[in-house]
Structure formats: structure tokens, C-alpha cells
Trainee: 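Handing you a structure now.
Note that the coordinates shown come from a computational prediction; the quantities given were computed from them, not determined experimentally. A, B, ... follow the sequence lines: proteins, then strands. Residue 1 opens every chain. All values below were derived from every heavy atom in this structure, side-chain atoms included, with hydrogens, water molecules and symmetry-related copies excluded.
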There are 2 protein chains.
Amino acid sequence: MYTIKELADLAGVTTRTLRYYDQQGILPPAEIGLNGYRFYDHSSLLRLQQVLFFRELDVPLKEIRIILDRPDFQLVPTLQSHQEAIQEKARRYQELLGTIQKTISSLQGEENMTEKDYFAGFDETQYEEETRELWGRTSQYQESQRKWTSYSQDQKDEIKKEGERITARMVSETPDTRPDDPDVQRAVGDYYAYLNQYFYTCEVEFLRSLADMWVQDSRFKVNFERIREDGAAFVRDAVHLYCDSHRENS
Amino acid sequence: MYTIKELADLAGVTTRTLRYYDQQGILPPAEIGLNGYRFYDHSSLLRLQQVLFFRELDVPLKEIRIILDRPDFQLVPTLQSHQEAIQEKARRYQELLGTIQKTISSLQGEENMTEKDYFAGFDETQYEEETRELWGRTSQYQESQRKWTSYSQDQKDEIKKEGERITARMVSETPDTRPDDPDVQRAVGDYYAYLNQYFYTCEVEFLRSLADMWVQDSRFKVNFERIREDGAAFVRDAVHLYCDSHRENS
DNA sequence: TCTACACCTTAACGTTACGTCAATGTCAAG
DNA sequence: CTTGACATTGACGTAACGTTAAGGTGTAGA
């Protein structure tokens, strides 16, 4: 058992950070004393280590919570994925070191650089660590990655657009349509087909859990709320209806 | 000449970022058109590159501005210092990779870890990149580093405390004392001696520029404002008076 | 010439992950 | 029995932008 300060000192963070993590549900204490004191144990320590790894990899705390709370979360595979992600970060640093060398040479008139060269290594998005970390290493994610990376950029853009079109139909701009509206239900069906075609072969139950996630995760949520009030909840209801009626009899 | 979007795309940042940097005086455009449009040139590009390097090294924008605006700022030495700092960051990643390996082994019962070992590599302050970058590579900084690192931790703590005691005297808690108060002036003299003993041999003019910095840089400023209202300005005035009366005749 | 449409502007509020008080309660040591 | 180091819950502050709103500008094509 550790007090809050003991754990904080061990991990090199402040007590305020640990209280914040508690408040956000990321790292609840193992026990709370009658005096209200927080007490942590060894599993807290391991969880905090995970939090710090994800934080190091620029994963927002909200996502960290979701990842760590997933029922299929596994420690060792996650640690291995951290390993890859950190190695990727290190490679980015190598590129930055190259940029420094080139810039020095070019300032001394020894080398020519294009404008782009001055900024090689700065853009983190090129190293696409986010998606990889977000989904973890489930087999579903792996399949999606395999399919997805086989497309060209133009194809990817087109697939995304199609997804947006179907999504718009699912949310249905007109405010008086209900989740059981035939057009909406047809759109849900199209989305299910779309998923299977471009991402992962999945059962309708997976679609159901996806829709649940859209409601919980505000990053997805906003996409629906933009189109209609409580759009995410609307879509969730529509998807649930769809899944209910397509359960065994498919 | 680049438009704002052209430069943003080159550097992999958003136009909002460039506008923000303009607003903060970190990267003013080379030219502003009659229509209010911002235009950037090659020197802007080099300056932006510097900003991004410092940002990469977690230097706050306020400090970046101060560093880049220093009259003795030099591009090539700064690039070299970036190189060292980035290598240090890479070393930290190596330690994190070690922590991952150890954690995996210990989870499989192959290795024993102390609690501390679980967090090896997370604490950036151990790598003290900040001070190094803040002061740049002036000779004064180097001397201060040489002196400072030769002390033990206990000595360092004691020296810091003494500095705080003298500082308190310089600011003078009692609200009706003036900057030319004899006690205050004596405290300034003591601080000058303190500086020379523990940090760098310097002339009074250096003390003057230090005091000016205390007013500008809010990180130092708060230390004085805590003690008395407008404490930083008060100390600056006191120091200026002291320096004026100790100019040539020392 | 008109009209898209992609670009530009300022203004202002929102966000994340804490830092930093303030006011108050708790506990082990001398 | 009183320090002093620890703990608690608010609550406001901060950095570095993201985002949206409301509008002005420039040019390519019908």
C-alpha cells in the first residue's frame, strides 16, 4: 500500500496529477481510508505505468481510459506495442538530427535544400502512431489495417466520403424522422455492408458495440451532433433496432 | 514569398498556429499586404524551423521568443545545441525501452524489479534539458554551470535558500519602503556579491539586465509579486538605482 | 461579367492536463 | 500538546492552440 505522495514520488509525477487521474476515472485508488485518504497497491502501480506510457505517446487521457478499461486489454501485448511506438518516435528523432545536419551544411553553402527539407521530421502524423495505439492489437484491428493499407490515397478518400454519405443518411437531417424510419434502417444496413466491404468482416453485434462507442466517445459523437441534436444517441437507437431485427435470422 | 497557407503546409503546421505565433511576436510575417494578408520569406522559414525545434524540446513559446530575440543569437551554435538535446531525448527513449523489457520479464516471473524501476525513463527533469536550452551557450552560462555542478545537493539547497533570503530583503515586505531605502540597497549589494560568489563573476550591468529579465519573464516575476505588489518592478528600480551609483567608481 | 470557390482576415469561445492557491482536516514525532 | 508534514476538496489559472462565426479577397471558368 502506498499513500498518494509515495506513489507520486515513485513515478515522478505530482500528487495533483494522481488526484486528477482519480477524478477522471483513469486511476482510481485501490482503497479509500475512513479519513478519505487514497491508498494505492501494486496493480495501481502497473496501471499508472501504462498511463504514463500512453501519455508519453501523446494519447489523450480520455482514450487511455477507454483502452485500459477494455475487457480484452492485455498487459504484455500492450507493452510490446509501446515498444514499437517508442522506436518509431526514436526514428523521427533520427530524421530531425538529419535535418539539423543538412541545415547547418546548407547555411555554410555546402548543400542545397528544398523548403520542405527544413521541416523533415517535425510532422508526427506521418508516423500515424495514433490509430495503431487506439485500437490496440485486436485481430479485428489487424484485419482492418491490412485491408486499409492496401488502398491508394485516392481510394481512401473516396471510401471515407462514402462513409460520410451513409452516415448522413443514418442521422437523417430532418428532425421528425424516428430511429425506426425505413430510410434510416436502410442506411444502417448500408453502413453494415460498407463496414464489411472496406474494413472488417463482422457480425451485427460488432456494429452494435461500435454505435455504443460513438455515443461514449466524444470524438465520434460530435460528428453526429453536428447534423442533428442528440445525433449520436439517435444513431445508436437506430443501430440497436437494426441489430435486434437482424440477430439470428441472417 | 509565401502565403500563410503555403508556409503552414511546408512546415506541417496549421495556419492558426502561424497566426498565433504572429500574435505572440514569435514569428511576425516578413510583410503585410495592403489587404492585410501575411507574407513570409526565407528568413521566416528559418525562424519557424527554430521555433519548431525549441517546441519539440518542450521549451515554452515565451522562452522561445526571448531566446530568438536575443542580440547574441546565432543559428549554427543553436542548431548544434538542438542536436545534443535531441540525442538526450533519444537516450531517454532507450531507457523507456529498457523499462518495457524489464516489465515484461518481471511479469513472466523472470526478473525482479524495484518499484522505482517501473518508472525509469519517465521523468524528464532528470535530463535537465530546460536550463541548458534556456541560457543557450553563452560563456556566462557555461561558467555558472561549472560552478554550480561542483556543489553537493545539500550545498545547492543551502545556496538557494540564501538567495531566497537576500531576495526577500530586496523586495522588502513592508509596503511603505522605497527602492532607495538603505536596507534595500544593502540587500541588492549582497545579492550582487552572492551572484559573484556562487554563479558568475559579472559586472553590475549584468545584474541590471538580470533585473530587467525578472520583470519581463513571468516565471521569475511571480516570485516577487508573491511578496509585495509589483514586487518585480520594485526590485528592478532598486537594482537600477544600485547600478547607477556603482557604475564606473568600483 | 458573373459566380464559385479556395483563400484570407479578426474575434471569441472551447479544450486538455494539469499548476497553483485557499481553506481545512489528519497523524506521527518530539 | 503542538508542530510540521502530510492529506482532503474546491476553484480558478495557464499554454498552445482547435474551432466556429462572420465576413473580405482573388482568380478560374462559364
Side-chain angles (χ1 to χ4, degrees), chain A residues 1-29 31-40 48 51-66 122-125 130 217-219 221-223 225-227, chain B residues 1-29 31-40 48 51-52 54-66 122-125 130 217-223 225-227:
Chain A
M1 283 296 186
Y2 313 97
T3 68
I4 194 167
K5 185 153 196 298
E6 283 166 1
L7 183 58
D9 287 346
L10 273 173
V13 301
T14 67
T15 58
R16 161 73 218 205
T17 300
L18 291 185
R19 282 196 201 94
Y20 183 70
Y21 288 173
D22 179 13
Q23 186 190 324
Q24 302 297 313
I26 297 166
L27 185 72
E31 201 184 317
I32 295 186
L34 297 171
N35 46 18
Y37 283 24
R38 293 172 177 81
F39 293 101
Y40 299 88
L48 176 56
V51 174
L52 295 184
F53 270 122
F54 280 113
R55 188 182 72 167
E56 185 71 42
L57 298 168
D58 305 309
V59 178
L61 293 184
K62 272 189 192 177
E63 282 178 36
I64 298 182
R65 196 176 78 101
I66 294 172
F122 280 122
D123 191 5
E124 292 208 34
T125 61
E130 32 163 7
D217 191 326
S218 58
R219 287 175 317 142
K221 201 171 174 178
V222 290
N223 292 326
E225 315 280 295
R226 229 196 295 270
I227 302 176
Chain B
M1 282 295 185
Y2 313 97
T3 68
I4 193 167
K5 182 151 198 302
E6 284 166 0
L7 183 59
D9 287 346
L10 272 174
V13 300
T14 67
T15 57
R16 163 76 226 220
T17 300
L18 292 185
R19 282 196 202 95
Y20 182 70
Y21 289 173
D22 178 13
Q23 187 191 325
Q24 301 298 313
I26 296 165
L27 186 72
E31 202 183 316
I32 295 185
L34 297 170
N35 46 17
Y37 283 25
R38 293 172 178 82
F39 293 102
Y40 299 88
L48 177 56
V51 174
L52 295 184
F54 280 113
R55 188 182 71 166
E56 184 71 42
L57 299 168
D58 305 309
V59 178
L61 293 183
K62 273 189 191 176
E63 282 178 36
I64 298 181
R65 197 177 76 103
I66 294 173
F122 280 123
D123 192 5
E124 291 208 35
T125 62
E130 32 162 7
D217 191 327
S218 58
R219 286 174 318 141
F220 300 110
K221 201 170 173 180
V222 290
N223 292 326
E225 316 280 295
R226 229 196 295 271
I227 303 177

Trainee: Grab the CZ-C1' distance between Phe39(B) and dT25(D) for me, whole Å please.
Mentor: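 In whole Å, dT25(D) C1' and Phe39(B) CZ are 11 Å from each other.
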Trainee: For Pro28(A) and Gly25(A), work out which heavy atoms get closest and say how close.
Mentor: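 For Pro28(A) and Gly25(A), the tightest heavy-atom pair comes out as CD-O, 4.0 Å.
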Trainee: Among residues 11-24 of chain B, which contact DNA chain D at a heavy-atom distance under 4.0 Å?
Mentor: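 Per residue number, the list reads Thr14(B), Arg16(B), Thr17(B), Tyr20(B), Tyr21(B).
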Trainee: If I take atom CG in residue Leu34(B) and atom C1' in nucleotide dC8(C), what distance separates them, rounded to the nearest angstrom?
Mentor: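 After rounding, the reported distance stands at 14 Å.
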Trainee: Could you pull out all residues at least two apart from Tyr40(B) that satisfy ring pair (Phe, Tyr, Trp, His ring centres under 6.0 Å)?
Mentor: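 Ring pair (Phe, Tyr, Trp, His ring centres under 6.0 Å) list for Tyr40(B), sorted by chain: empty.
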Trainee: Do the side chains of Leu61(B) and Phe54(B) get nearer than 4.5 Å, heavy atoms only?
Mentor: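 No, every pair of side-chain atoms sits at 4.5 Å or beyond.
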Trainee: Which residues satisfy the side chain to side chain contact (heavy atoms under 4.5 Å, CB included) test with Tyr37(B), sequence neighbours excluded?
Mentor: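 Asn35(B), Phe39(B).
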Trainee: Roughly, in whole Å, what's the span from CG in Leu27(A) to P in dC18(C)?
Mentor: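 So the CG-P distance, Leu27(A) to dC18(C), works out to 12 Å.
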Trainee: Tell me the interatomic distance from Ile66(B), atom CD1, to dA15(D), atom P, rounded to whole angstroms.
Mentor: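 Nearest whole value for this atom pair: 12 Å.
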Trainee: Between dT8(D), dA17(C), dT9(C), spot the one nearest the side chain of Arg38(A), thanks.
Mentor: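 Looking only at heavy atoms from C-beta outward on Arg38(A), the closest nucleotide is dT8(D).
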Trainee: Is the closest side-chain heavy-atom distance between Glu31(B) and Met1(B) below 4.5 Å?
Mentor: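 Yes. Closest side-chain heavy atoms under 4.5 Å.
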Trainee: Polar pairs (N or O, both sides) under 3.5 Å between protein and nucleotides 27-29 of chain C?
Mentor:
| residue | atom | partner | partner atom | Å |
| --- | --- | --- | --- | --- |
| dC27(C) | OP1 | Asn35(A) | ND2 | 2.8 |

Trainee: Who pairs with Ala8(B) by side chain to side chain contact (heavy atoms under 4.5 Å, CB included), at least two apart in sequence or on another chain?
Mentor: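 Partners of Ala8(B) by the side chain to side chain contact (heavy atoms under 4.5 Å, CB included) criterion, ordered by chain and then number, come out as Val13(B), Thr15(B), Leu18(B).
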Trainee: From CD1 of Ile4(A) over to C1' of dT9(D), roughly how many Å is that when rounded to an integer?
Mentor: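 These atoms are roughly 12 Å apart.
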Trainee: When the distance from CZ of Phe54(A) to P of dA17(C) is rounded to whole Å, what number comes out?
Mentor: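 It is 14 Å, rounded to the nearest whole Å.
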Trainee: In whole angstroms, how far is the P atom of dA6(C) from the CG atom of Asp9(B)?
Mentor: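 For the pair Asp9(B) CG and dA6(C) P, the rounded distance is 14 Å.
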Trainee: dA17(C) P sits how many Å from Leu57(A) CG, rounded?
Mentor: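 It is 14 Å, rounded to the nearest whole Å.
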Trainee: Considering non-hydrogen atoms only, spot the tightest contact between Ile32(A) and Pro29(A) and give its length.
Mentor: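 Closest heavy-atom pair between Ile32(A) and Pro29(A): CG1-CG, 4.3 Å.
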Trainee: What residues form a side-chain hydrogen bond (donor to acceptor under 3.5 Å, both in side chains) with Thr17(B), not counting sequence neighbours?
Mentor: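 In terms of side-chain hydrogen bond (donor to acceptor under 3.5 Å, both in side chains), with neighbours along the sequence ignored, Thr17(B) is linked to Thr14(B).
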Trainee: Could you note down all residue pairs passing salt bridge (charged side-chain N to carboxylate O under 4.0 Å, His left out) where residues 6-25 of chain B supplies at least one of them, sequence neighbours left out?
Mentor: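 Counting only pairs at least two positions apart or across chains, the salt bridge (charged side-chain N to carboxylate O under 4.0 Å, His left out) contacts touching residues 6-25 of chain B are Lys5(B)-Asp9(B), Asp22(B)-Arg38(B).
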Trainee: Check whether any side-chain N or O of Lys62(B) sits under 4.0 Å from OP1 or OP2 of dA15(D), and answer yes or no.
Mentor: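 It does, given that an N or O in the side chain of Lys62(B) lies less than 4.0 Å from OP1 or OP2 of dA15(D).
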